[in-house]
Amino acid sequence: MGSIGEQESAKSCRRKPRFLCLHGFRTSGEIMRAQLVAKWPEQVISRLDLVFPDAPFPAGGKSEVAGIFPPPYYEWYQYDKDFMVYTNLDKAFARVEELMIEQGPFDGLMGFSQGAILSAALASLQSKGLALTTVPKVKHLVIMGGAMFKAPEVVERVYSSAKIDCSSLHFIGEKDFLKKNGEQLLGKFVDPYLIRHPKGHTVPRLDDEESLKTMLEFLQKIEGDLCEDAAAAAKEECSA
């Protein structure tokens, strides 16, 4: 498990937004950390407090990043070839909640691929009181290469309600095999931020002016929300 940006001023409303980062299928927290550090500029990374846990299950097969990043590799849950049957999904939900208790509090979730699918689903389930019931509300999401679950019973459980009302930033790759599904997920959110990139299913770079501008606008939004929350808490404390 790795962490970025743990040092912050506890009393300042300018504290860094703290995200629990959920890695992709058969990778690891350390791999996701390395990818973000390599691909995102310091002016973005330095404004975030990022925690990178490993998923609970060792990889049950070959990792697509083998030969690029060293093992060990992990997965959050398992699925069949048609993405219609999921194994250990509720255990994955529970493990994320445990991590949020152990390492939190967190302001939001950040996920890539399987981690992004999980992050979006958990925010939706929490809004209905069906997951993350013992931790504070997930207020912010960063979704990279995300998608919706496909099994009808899971779709009904996760997405059958009002749109997900938390600030969210979505990265969608033009060559990503999950592009269509990722755009469907985008439609499940209230006023989402969107960054499109020309690559496939990968942790995206922030190396063009438009993408960086959108990212910085999103950061400004969530930093403003933190300041408002801090001011409200201080006012309540003074009036107590």
Side-chain angles (χ1 to χ4, degrees), residues 1-5 17-37 39-40 45 48-60 63-65 69 72-79 83 86-127 130-132 134-149 154 158 164 166-172 176 178 181-182 185 188-189 192 201-204 218 222:
M1 182 183 298
S3 177
I4 297 175
R18 187 170 173 84
F19 281 82
L20 185 66
C21 303
L22 308 184
H23 63 77
F25 186 62
R26 294 180 181 169
T27 64
S28 70
E30 178 57 26
I31 291 171
M32 185 176 182
R33 186 201 67 79
Q35 290 172 320
L36 285 181
V37 169
K39 293 185 174 185
W40 287 10
I45 292 291
L48 296 167
D49 182 1
L50 307 177
V51 177
F52 300 89
D54 293 324
F57 302 103
S63 170
E64 291 189 2
V65 301
F69 293 100
Y73 311 119
Y74 302 91
E75 55 198 42
W76 293 99
Y77 56 88
Q78 299 77 42
Y79 50 84
F83 300 97
Y86 310 105
T87 305
N88 292 316
L89 185 56
D90 284 333
K91 290 182 180 179
F93 292 158
R95 180 55 184 153
V96 173
E97 186 162 13
E98 289 174 357
L99 289 166
M100 294 182 77
I101 294 169
E102 295 167 3
Q103 302 290 323
F106 290 96
D107 301 299
L109 298 174
M110 178 183 297
F112 169 66
S113 192
Q114 189 180 61
I117 296 170
L118 199 57
S119 296
L122 281 166
S124 180
L125 288 168
Q126 187 186 46
S127 70
L130 299 177
L132 306 184
T134 62
V135 295
K137 172 181 167 57
V138 174
K139 295 183 178 180
H140 313 290
L141 290 174
V142 178
I143 304 296
M144 298 176 281
M148 294 171 58
F149 288 110
V154 181
V158 175
I164 304 169
C166 67
S167 60
S168 63
L169 172 63
H170 302 249
F171 291 82
I172 297 179
D176 193 338
L178 290 178
N181 199 315
L185 177 64
K188 295 294 183 179
F189 285 83
H201 194 64
T202 183
V203 172
F218 178 72
I222 62 179

*Identify, with sequence neighbours excluded, every residue that meets ring-ring contact (aromatic ring centres under 6.0 Å, His included) alongside Tyr79.*
Phe25, Phe83
_Going by ring-ring contact (aromatic ring centres under 6.0 Å, His included), name the residues that satisfy it together with His201, two or more places apart in sequence or in a different chain._
Phe112, Phe177
What closest approach, in Å, do [X] and [Y] show between heavy atoms, and which atom pair accounts for it?
X	Y	value
Glu30	Asp54	N-OD1, 4.3 Å
Gly146	Ile117	C-CG1, 4.5 Å
Val138	Gly108	CG1-CA, 4.1 Å
Glu97	Val135	O-CG1, 4.1 Å

Partners meeting side-chain contact (heavy atoms from CB on, under 4.5 Å) with [X] (sequence neighbours left out):
X	result
Asn181	Ala147, Met148, Lys150, Gln184
Leu89	Tyr77, Tyr86, Phe93, Leu118, Phe149, Val154
Ala116	Ile143

*Mind checking whether Leu141 and Leu169 have side chains closer than 4.5 Å, heavy atoms only?*
no
_side-chain hydrogen bond (donor to acceptor under 3.5 Å, both in side chains) pairs, two or more places apart, involving residues 136-145_ = Lys139-Asp229, His140-Ser167
*Over 60° means perpendicular and under 30° means parallel, so classify the ring planes of His170 and Phe189, tilted if in between.*
perpendicular
*Measure from NZ or CZ of Arg18 to the centre of the six-membered ring of Phe106, then state whether that distance is under 6.0 Å and the direction lies within 45° of the axis.*
yes
